Amino acid sequence: MNKIIDLKQRKESLKKLLYVITKYEEEIIKALYNDFKKPAFEAVLTETNYVISDLKETIKNINSWAKPKKVSASLLNFPSSDYVYSEPYGHVLILSPWNYPFQLALCPLVAAVAAGNKVTLKPSELTPHTAAIISKIIIETFPVKEVVVVTGDATVATELLKKRWDYIFFTGSVAVGKIVAKAAAENLTPVTLELGGKSPCIVDETANLELSARRIVWGKIINAGQTCVAPDYILVHHKMKDTLVKFLILEIEKALGTNPEESPDYARIINLKNWERQLSLLENQKTLLGGKSNKESLYLAPTLLDEPKMDSKVMQEEIFGPILPILSYKTKADIEKIILSFEKPLSLYLFTQNKSFVDEVLQKYSFGGGCINDTVIHLVNNKLPFGGVGNSGMGAYHGKLSFDIFSHKKAIVKRGTWLDLPLRYAPYKDKLQTIQKLLKWI
Ligand SMILES: NC(=O)C1=CN([C@@H]2O[C@H](COP(=O)(O)OP(=O)(O)OC[C@H]3O[C@@H](n4cnc5c(N)ncnc54)[C@H](OP(=O)(O)O)[C@@H]3O)[C@@H](O)[C@H]2O)C=CC1
Ligand SMILES: CCCCCC(=O)O
């Protein structure tokens, strides 16, 4: 059993990490830009500041989170004091993706360290500049190497998965999530899988269309649509479709101008393979806006598609890019038929003023989490669990939940020795009635 990293040392390490990240914030922002032109505003909002506030919250609460929790004792154990101890799993592996390469690597890492674990982190090789600054930060913060960064591609991750870990935290695609789960099963290693899916965005006949368009566009164009909780496709009431499309086009132009390629506020597709995949989603599709692309700069305009067929590629796989299919519906049965044709999504968004429809949708559809009359912002509140369900993932984190997923919860009963009731001990003769009465009474 590795030496458990004591609370004082964990807190010191996290304070040092906060200092070092703050010191290198400009370098991190530059690295994110160099990797795929992530705008500085988005880099601060969704990466550096996101991690800094998570770190501050963890440092503030680590003592209370790590303290053994006293729970009410069972009368059957009288006299006793009962506790839940949070114990680090040991040595954890974190595999993180390229789309929010700083946040999705560091937030799990902060929690794993806070819970007292050693950490091996493998960031994506698709964002080498960010991986390099993460390595620099970790080396400067953890000289004793309780945290190490292993850079490299999927082959490195494959080798890492051959080792035995005490916990694996994976963020990425469903396909690789299954590879990770299989590898973990070999050693019965607990895992958190933060995956993806096709997150629907329903707009009904009561929705405020201008406001809905603004919030849908925001959630779609941030990071050039490469966000696991981005609205993947729109289901709009057929009477509202034309007006919604008009507002979507207006909001995209308001945000990025009439030529988004020239906007400094719009990222690029991460690499040629993903750019070509995005282009393949446009084949034989009717475009309402966008479609313009540039192979050299890996640019793809925010693109609205008109009523793609359900068996088309764009409707058969997670888009994970700036393409937004618009499908209209007449009845709730139309909505149900489409949403239930897919695996349980990571998110679902509903734009409506109809409270009973909200209740109906929340009851009818299973999904990781989502918003009513907005998109993506459920990730801002760290009191809310962030995770998938079914194919979109298992386990959820953020806030104290992150500390808890990296802690084994050990139950401890501390018995008094001044009293030892004989009831539970054999021989049981003529004790049965007493125990039956007692158990009914408790
Ligand atoms: N739920 C969430 O929080 C998030 C989910 N996602 C989902 O991730 C997907 C896109 O991210 P992406 O990075 O492309 O996902 P991948 O699954 O391709 O990669 C995720 C991580 O796993 C590594 N990896 C890739 N192939 C293998 C393999 N065969 N064995 C072991 N490890 C491997 C990658 O390394 P390398 O990149 O170096 O090849 C990367 O570090 C989308 O489906 C998206 O929805 C993305 C972000 C957040
Ligand atoms: C806005 C931050 C989002 C991070 C996780 C994702 O890709 O959805």
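Counting starts at 1 for both ligands and their atoms, in listed order. Computed from a prediction, not measured in an experiment: that's the story for all the values here. For this chain, numbers begin at 1 and follow the sequence in order.
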Does NZ or CZ of Lys38 fall inside the cone over Tyr100's six-membered ring, less than 6.0 Å from its centre and within 45° of the axis? yes
Output yes when the distance from some N or O of ligand 1 to some N or O of Ile179 is under 3.5 Å, and no in every other case. no
Under the ring-ring contact (aromatic ring centres under 6.0 Å, His included) criterion, do His237 and Tyr329 qualify, and how do the steps go? CA-CA 5 Å; His237 190 278; Tyr329 71 88; 5.5 Å; yes
Of all protein heavy atoms, the one nearest atom 24 (N) of ligand 1 is Val176 CG1, 3.8 Å
Can you report which non-hydrogen protein atom sits closest to atom 11 (O) of ligand 1, along with the distance? Trp98 NE1, 3.8 Å
Below 3.5 Å, N or O to N or O, backbone or side chain included: is there any such pair between Ser124 and ligand 1? yes
Going by an N to O cut-off under 4.0 Å, is there a salt bridge joining Glu317 and Lys313? yes
Residues Leu32 and Ala43: closest non-hydrogen pair is CD1-CB, 3.7 Å
Students should be able to answer this: which protein heavy-atom is nearest to atom 32 (N) of ligand 1, and at what distance? Ala157 CB, 3.2 Å
Polar atom proximity, Val229 to ligand 2 (N or O, under 3.5 Å): yes
Give the minimum heavy-atom separation between Leu126 and Ile270, together with the two atoms involved. O-CD1, 3.6 Å
Once you restrict to heavy atoms under 4.0 Å, what part of Asn274 touches ligand 1? Side chain, backbone, both or neither. neither
In ligand 1, the atoms that come under 4.0 Å of a heavy atom of Thr158 are 30 (N)
Value for CG (Asp54) from CD1 (Ile59), rounded to nearest 0.5 Å, stands at 9.5 Å
Polar contact flag for Asn99 and ligand 2 (N/O pairs, less than 3.5 Å): yes
With ring-ring contact (aromatic ring centres under 6.0 Å, His included) as the criterion, how do Phe406 and Tyr397 come out once you've worked through the C-alpha distance, each side chain's angles and the decisive distance to 0.1 Å? CA-CA 10 Å; Phe406 284 109; Tyr397 71 124; 8.3 Å; no
Shortest non-hydrogen contact from Asp404 toward Lys400: OD2-NZ, 2.7 Å
Ignoring hydrogens, what is the shortest heavy-atom contact between Ser86 and Lys409? Give both atom names and the distance. OG-NZ, 2.7 Å
Short version for Tyr100: what comes under 4.0 Å of ligand 1, heavy atoms counted, is neither
When distances are taken from atom 22 (O) of ligand 1, the protein heavy atom at minimum range is Phe170 CE1, 3.3 Å
Side chain to side chain, Leu340 and Tyr365, heavy atoms closer than 4.5 Å: yes
So if I count the atoms of ligand 1 from 1 in the order they appear, which ones are less than 4.0 Å from some heavy atom of Gly152? 38 (O)
Do Phe320 and Trp98 pass the ring-ring contact (aromatic ring centres under 6.0 Å, His included) test, and can you show the C-alpha distance, the side-chain angles, and the key distance before you say yes or no? CA-CA 12 Å; Phe320 210 57; Trp98 50 261; 5.4 Å; yes
Measure up the Tyr266 and Tyr299 rings against each other and bin them: parallel (under 30°), tilted (30 to 60°), perpendicular (over 60°). perpendicular
Which ligand 1 atoms does Leu104 reach within 4.0 Å, using its non-hydrogen atoms? 47 (C), 48 (C)
Of all the non-hydrogen atoms in the protein, which one sits nearest to atom 2 (C) of ligand 2, and at what distance? Gln103 NE2, 3.6 Å
Out of Ile270, Val180, Leu379, Asn99, whose heavy atom is nearest to atom 46 (C) of ligand 1? Asn99
Under 3.5 Å between any N/O of Val174 and any N/O of ligand 1: does that happen in this structure? no
Enumerated ligand 2 atoms positioned under 4.0 Å from heavy atoms of Cys228: 5 (C), 6 (C), 7 (O), 8 (O)
Residue, atom and distance of the protein heavy atom nearest atom 3 (C) of ligand 2 read Leu379 CD2, 3.6 Å
One finds that the ligand 1 atoms under 4.0 Å from a non-hydrogen atom of Leu346 are 1 (N)
Heteroatom distance test (Ser173, ligand 1): nitrogen or oxygen, under 3.5 angstrom: yes
Regarding Lys254 and Glu251, does a basic nitrogen lie under 4.0 Å from an acidic carboxylate oxygen? yes
Starting from atom 38 (O) of ligand 1, what is the nearest protein heavy atom, named by residue and atom, and what distance separates them? Glu125 OE1, 2.1 Å
Tell me, yes or no, whether the heavy-atom count around Tyr33 atom OH, taken from other residues, nucleotides or ligands under 6.0 Å, exceeds 12. no
Rounded at 0.5 Å granularity, tell me how far CD1 in Ile29 sits from CG in Asn34. 12.0 Å
So which heavy atom in the protein is nearest atom 26 (N) of ligand 1, and how far is it from that ligand atom? Ala154 CB, 3.4 Å
Below 3.5 angstrom, do we get any N/O pair linking Glu318 and ligand 1? yes
Heavy-atom nearest neighbour in the protein, as seen from atom 8 (O) of ligand 1, with distance rounded to 0.1 Å: Gly172 C, 2.8 Å
Within the protein, is there a heavy atom lying under 4.0 Å from atom 19 (O) of ligand 1? no
Can you say whether the rings of Tyr167 and Tyr89 are parallel (under 30°), tilted (30 to 60°) or perpendicular (over 60°)? tilted
Under 4.0 angstrom from ligand 1, any heavy atom of Phe386? yes
Tightest non-hydrogen contact, residues His378 and Cys371, listed as ND1-SG, 3.6 Å
Would Ser96 count as being in polar contact with ligand 1, using the rule that some N or O on each side must be under 3.5 angstrom apart? yes
Atom indices of ligand 1 within 4.0 angstrom of Leu161 heavy atoms, with elements: 31 (C)
Closer than 4.0 Å to some heavy atom of Asp153 - which atoms of ligand 1 meet that? 38 (O)
Starting from atom 4 (C) of ligand 1, what is the nearest protein heavy atom, named by residue and atom, and what distance separates them? Cys228 SG, 3.1 Å
